[in-house]
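By convention in this document, chain letters (A, B, ...) are assigned in the order of the sequence lines, proteins followed by strands, and residues within each chain are numbered from 1.
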Amino acid sequence: MGMTVTEKILAAHAGKNSVSPGDLINVKLDLVLGNDITAPIAIKEFRLIGIDRIFDKNKIVIVLDHFAPNKDIDSAEQCRMVRQFAHKQDLTNYFEVGRMGIEHALLPEQGLVLPGDAIIGADSHTCTYGALGAFSTGVGSTDLAAAMATGEAWIKVPSSIKFSFRGHLNPWVTGKDLILYTIGQIGVDGALYQAMEFTGEAISSLSVDSRLSMCNMAIEAGGKSGIIAPDNKTLDYVEGRSSRTFNVYQSDDDAQYAAVYEWDVANIEPQVAFPHLPSNTRGISEVGDVVIDQVVIGSCTNGRLEDLRIAAQVLKDHEVDRRIRCIIIPATQDIYRQAMKEGLIEIFIDAKAAVSTPTCGPCLGGHMGVLARGERALATTNRNFIGRMGHPESEVYLSGPAVAAASAIAGKITSPEEL
Amino acid sequence: MIYKGSAWKFGRDIDTDAIIPARYLKTSDPAELGKHCMEDADPEFINRAKKGDVIVAGENFGCGSSREHAPISIKAVGISCVIAKSFARIFYRNAINTGLPILESAEAVDGITTSDEIQVDTDKGEITNLTTGKVYYAKPFPGFINDIIQQGGLINYMREKVKMQVD
């Protein structure tokens, strides 16, 4: 019987010829990730195990990105604890402020994640790396502690759902719109415990940046992982970023799927998710009059170069509405530098947007754009739960960068076509 | 283990931002996290929940972030176990790894209302609503996960492994 790309990666990392959904396996990991929120607990747990050294100093990545640069004294203490551990363990891939970026933009960019890898990270959006054809999933701090000690994790082999997108994308539609549409169709637990495999000609036409946005939000449908089998675009992307060898896996024609969805992207317009669930989606033409107070363009979902280019394309020769705070956050230092070279940052500043150093800050109501009671934000982030970006009585709407930029200009949720 | 307490009923898709809002993640101290448990879902919960009480919820409990602060804050309040129609997968792993008993039973959730007195036998997966007298059974854990729970969570399981290697 054939296997899916996910099953092949897991079998290879468990030393088996084949695996089936439901099998409990022990997986040898290529990479293990933690951040300033999840690593402190993991480090405490690691110390309880009774060993001094981590399994491999090259395979554990720690990024201080959530409440960094430190937002207050408590955050500074957390970052310090993680920093001391990283230095003591001599981690090759410890990313300090000034070198760091938002982890899920940073790791692919730095060539740390490659096709065919098996990766866990103590951050739910670790599923992002499936965009390069890796198996990658989010876990908690205790799993991170165990993986730091052994380089292994127990995994229940997920069944896969195939999402096939055919046809040609409408203007302004990116990977973010396809994933919001998908979550809107299947719900926030529509892929619970399962692998979401994205395929079809519309997926082939997506940039790697867009694919990363798409797999990033698999967790928002309850998925264990998202994956796009590698193609030439994937191989071009990873070329020159790493000297590590890797394996390219594809799903067999007779692989088994728990469900198959097929959609024509001609029917998909830019999407907006209404409060308070990412599944509460509408096409931009059905949004109506929604006045907003703040726009955030950034995050592990949409802080990449393609996103900034789209935002700049919309914002060029316009100004943000006087009532609106528009905050734009390049996801990594390299993206920031490239955006400067291309003149994007100048366009943002001319448009009266605030541009920040990389941080997850506003996405989770941490810092750099927290909402007051009754305020409403449109963000290119990934979650619009109650209180996600600040006061429990504030509201978050989600979209891609084109709609976000257009809405910052108009002062209400707007299609870039309407400017 | 047998637990007894009052039920606190919540709806579906209770996310980790509702269980412990991100604004409190600047510490990993359980007592501090416990002070804000379920704050954005029910601000009264923390003032009125008693040691041993049971959280009862709909589908997809714990969806959203991977923060282990969520089960930690629930444990810090003294909640004995969580019964839900289903759990989001990272929360499911985190609960097992940190030793917070969780049970899946749609029938039990439908048959329990807030303030009902509940008795839970986690070994048998038996949930008794002492207020109505009805008994429900949760799905048993797969064997591999049971091993981890019986060792008292993943870290204890690992410690045993390390000890064996040293011996």
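- Neither the backbone nor the side chain of Phe91(B) comes within less than 4.5 Å of any heavy atom of chain A.
- Using a 4.0 Å cut-off between charged side-chain N and carboxylate O, Asp17(B) and Arg383(A) make no salt bridge.
- Counting all heavy atoms, side chain and backbone alike, Arg93(B) lies closest to Val139(A) at NE-CG1, 4.1 Å.
- Judged by distance alone, with hydrogens and angles left aside, the side-chain atoms of Arg89(B) form no donor-acceptor pair with the main-chain N or O of Gln194(A) at under 3.5 Å.
- With a threshold of 4.5 angstrom between heavy atoms, Ile219(A) approaches chain B through side-chain atoms but not through N, CA, C or O.
- Among Ala149(A), Ser124(A), Gly387(A), the residue with the largest count of heavy-atom pairs under 4.5 Å with chain B is Ser124(A).
- For Leu192(A), the part lying near chain B is the side chain, with the backbone staying farther off; criterion is any non-hydrogen pair under 4.5 Å.
- With a 4.5 angstrom heavy-atom cutoff, Gln78(A) touches chain B only via side-chain atoms.
- Highest contact tally toward chain A, considering only Pro71(B), Ala22(B), Gly64(B), is held by Gly64(B) [criterion: heavy-atom pairs under 4.5 Å].
- Here CG of Asn35(A) is found 7.0 Å from OG of Ser66(B). Values are rounded to the nearest 0.5 Å.
- Neither the backbone nor the side chain of Ala42(A) comes within less than 4.5 Å of any heavy atom of chain B.
- In terms of modelled atom types and a separation under 3.5 Å, the side chain of Glu39(B) and the main chain of Pro392(A) share no donor-acceptor contact.
- Only the side chain of Leu24(A) comes within contact range of chain B, judged by heavy atoms closer than 4.5 Å.
- For chain B, no part of Asp36(A) is nearby; none of its heavy atoms comes within less than 4.5 Å.
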Apply side-chain contact (heavy atoms from CB on, under 4.5 Å) to the pair Asp143(A) and Leu154(B), showing each step before the final yes or no. CA-CA 8 Å; Asp143(A) 275 317; Leu154(B) 189 62; 3.5 Å; yes
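- Lys26(B) contributes atom NZ, which lies 11.5 Å from atom NE2 of His367(A) (distance to the nearest 0.5 angstrom).
- With chain B as the partner, the residue from Leu277(A), Thr137(A), Asp74(A), Val370(A) showing the most heavy-atom pairs under 4.5 Å is Asp74(A).
- Other residues, nucleotides and ligands place no more than 12 heavy atoms under 6.0 Å from the NZ atom of Lys156(A).
- Ranked by non-hydrogen atom pairs under 4.5 Å with chain B, the options Asp72(A), Thr38(A), Ile51(A) are led by Asp72(A).
- Closest non-hydrogen pair, Tyr193(A) versus Tyr92(B), comes out as OH-CD1, 3.7 Å.
- Of the two parts of Phe67(A), only the side chain, counted from C-beta on, holds a non-hydrogen atom closer than 4.5 Å to a non-hydrogen atom of chain B.
- For Ala146(A), the parts lying near chain B are the backbone and the side chain together; criterion is any non-hydrogen pair under 4.5 Å.
- Comparing Thr98(B), Thr27(B), Ile155(B) by how many heavy-atom pairs each has under 4.5 Å with chain A, the most go to Ile155(B).
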Does the side-chain contact (heavy atoms from CB on, under 4.5 Å) test come out yes or no for Arg67(B) and Ile41(A), once each step is laid out? CA-CA 10 Å; Arg67(B) 64 190 70 153; Ile41(A) 296 176; over 6 Å; no
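- Ranking Gly50(A), Gly222(A), Ser75(A), Gly138(A) against chain B, the residue ahead of the rest is Gly138(A), based on heavy-atom pairs under 4.5 Å.
- The shortest heavy-atom contact between Ser28(B) and Lys44(A) is OG-NZ, 2.8 Å.
- Interface check for chain A: of the options Asn97(B), Asp13(B), Asn156(B), Thr16(B), the most heavy-atom pairs under 4.5 Å are formed by Asn97(B).
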For Val188(A) and Asp15(B), what are the C-alpha separation, side-chain angles and deciding distance, and is it a side-chain contact (heavy atoms from CB on, under 4.5 Å)? CA-CA 10 Å; Val188(A) 288; Asp15(B) 60 79; over 6 Å; no
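- Of the two parts of Asn94(B), only the side chain, counted from C-beta on, holds a non-hydrogen atom closer than 4.5 Å to a non-hydrogen atom of chain A.
- Pairing each heavy atom of Ser141(A) with each of Glu68(B), the nearest pair is N-OE1, 2.7 Å.
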